[in-house]
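Along the sequence shown, the residues carry numbers beginning at 1.
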Amino acid sequence: MTDPVIAEEILAPSRPARDGLDVSAFVWRLVLVAGLLLIWEFSAGRLFNEFWSSRPSLIGERLVALVKSGEVWRHVDATVSEALLGLFLGAVVGTPIGIALAHYRRAAKIIDPFVMGLYGLPRVALAPMFILWFGISLFSKVMMSFSMVLFVFILNVTEGIRTVDPDMIDLMHTMRAPRSYIMRKVTIPSIVPWLIASFRIGIGLSLVGAVVGELIGANRGLGWYVVRAGGQLDTTGVFAGLFLLMLLAMIANQIIFMIEQRALHWRREAR
């Protein structure tokens, strides 16, 4: 007699390894990028005017020149500092506000229209006011980034707490657990995925805030570099600055993804 076969062994498909580098996806990304760059390189000057689009080869040469001169680090340091400070300030301020709004439903219902009104307000339109209030220093760009990400944390944390399993809360109350214990053992772990999602969304928004602030008034930063290059009709410089901004966003997003893999490893194990 053979041993009985468990149903789960029949129904459960084989799962590929999720940890580590997905070599196939990485190769396909390289192929896609190389293909697009080759199309761009050979189309410039043939299908459209090179003046309006530059070339990947020229952009690469400009990036190398910026790295060799050290100028790139001055601009990257300014933009990254502004974006990260605004992002973490938004998390520090927005998370407690979101927790408070989730617990005090009556107060949340009263101020919800005002929160959504401020959330819908184009913060880009406030950039001149931030420059007027705080000058062209680092603080004005940080506040611009902060205003872009604040409501993302407030709304995500509020919604995350409201989706906590009420049966788990009732069980904690039945066991006479204090509110601080429930917050530490149930509420906070439940909103970790929402916080990580807020960071992933906030990365791009904080960079937008920093760049917008630099567009209005600054003396360094990638946004300032793009504006200066555009004012000089230097399309190569514009694309070089945009490439660096995109690269920063990709690196920051990958870092958040790695943190998510470590912080939420239990979700992969439960599947």
Same apolar cluster (I L V M F W Y, side chains within < 4.5 Å links), Met148/Tyr119: yes
When you compare the side chain of Val211 with that of Leu215, does any pair of heavy atoms fall below 4.5 Å? yes
Could you tell me whether the side chains of Thr236 and Ser54 share a donor-acceptor contact shorter than 3.5 Å? yes
Whether over 12 other heavy atoms sit under 6.0 Å from Phe243 CZ: no
What's the spacing between Leu126 CG and Ile216 CD1 if we round to 0.5 Å? 11.0 Å
With a 4.0 Å cut-off, would you call Arg228 and Asp234 a salt bridge? no
Heavy-atom check, side chain of Arg220 versus side chain of Asp77, under 4.5 Å: yes
Calculate, to the nearest 0.5 Å, the distance between atoms OG and CZ belonging to Ser140 and Phe130 respectively. 9.5 Å
What is the minimum heavy-atom distance between Thr158 and Ala102, and which atoms define it? O-CB, 3.9 Å
Strictly distance-based, threshold 3.5 Å: is any side-chain N or O of Ser69 a donor or acceptor partner for the main-chain N or O of Leu66? yes
Flag side-chain contact, heavy atom, 4.5 Å: Thr235 against Trp52: no
Any Leu138 side-chain heavy atom under 4.5 Å of Glu82 side chain: yes
Is there side-chain contact between Ser206 and Phe146, with heavy atoms separated by less than 4.5 Å? no
Does Val208 share a hydrophobic cluster with Leu89, counting links as ILVMFWY side-chain heavy atoms below 4.5 Å and allowing steps through other members? yes
Quick one, Met116 and Asp112 - any side-chain contact, counting heavy atoms below 4.5 Å? yes
To the nearest 0.5 Å, how far apart are CD1 in Ile196 and CZ in Phe257? 11.0 Å
Checking side-chain contact (heavy atoms from CB on, under 4.5 Å) for the pair Leu207/Thr79: CA distance, chi angles, key distance, verdict? CA-CA 7 Å; Leu207 281 172; Thr79 301; 4.0 Å; yes
Does the side-chain contact (heavy atoms from CB on, under 4.5 Å) test come out yes or no for Thr163 and Ile191, once each step is laid out? CA-CA 9 Å; Thr163 57; Ile191 65 173; over 6 Å; no
For Glu41, the salt bridge (charged side-chain N to carboxylate O under 4.0 Å, His left out) test, sequence neighbours excluded, returns Arg55
Is there a path of hydrophobic side-chain contacts, each under 4.5 Å between heavy atoms of I, L, V, M, F, W or Y residues, that connects Met250 with Leu205? yes
So among Ile203, Asn253, Leu222, which one has a side chain to side chain contact (heavy atoms under 4.5 Å, CB included) with Leu248? Leu222
In terms of relative ring orientation, are Phe88 and Phe199 parallel, tilted or perpendicular, with 30° and 60° separating the classes? tilted
Starting from Val192, can I reach Val149 by hopping between I/L/V/M/F/W/Y residues whose side chains sit under 4.5 Å apart? yes
Compute the centroid of each ring, for Trp40 and then for Phe239, and state whether the two points are separated by less than 6.0 Å. yes
Exercise: identify the closest heavy-atom pair between Leu118 and Phe151: CB-CZ, 3.5 Å
Closest approach of Ala108 to Arg162 (non-hydrogen atoms, all atoms of both residues): CB-NH2, 3.8 Å
Least distance between heavy atoms, Ala229 atom then Gly237 atom: CB-C, 3.7 Å
Would you please test Phe153 and Leu87 for side-chain contact (heavy atoms from CB on, under 4.5 Å) and show each step? CA-CA 10 Å; Phe153 282 95; Leu87 178 65; 4.1 Å; yes
Any link between Val92 and Met144 through a network of hydrophobic side chains (Ile, Leu, Val, Met, Phe, Trp, Tyr) touching at under 4.5 Å? no
Could you list all the side chain to side chain donor-acceptor pair (under 3.5 Å) pairs where at least one residue sits in residues 91-106, not counting sequence neighbours? none
Using the rule given for side-chain contact (heavy atoms from CB on, under 4.5 Å), can you reason through Val157 versus Trp194, listing the C-alpha separation, both sets of side-chain angles and the distance that settles it, and then say yes or no? CA-CA 6 Å; Val157 170; Trp194 295 83; 5.7 Å; no
Would you check if the side chain of Ser145 reaches a backbone N or O of Ala210 as a donor-acceptor pair within less than 3.5 Å? yes
With the side chain counted from C-beta on, respond yes when Leu101 and Ile111 share a heavy-atom pair under 4.5 Å apart, and no when they do not. yes
Approximate separation, where rounding is to 0.5 Å, of Lys141 NZ and Trp224 CH2: 12.0 Å
Side chains of Tyr225 and Glu71: does their closest heavy-atom pair fall under 4.5 Å? yes
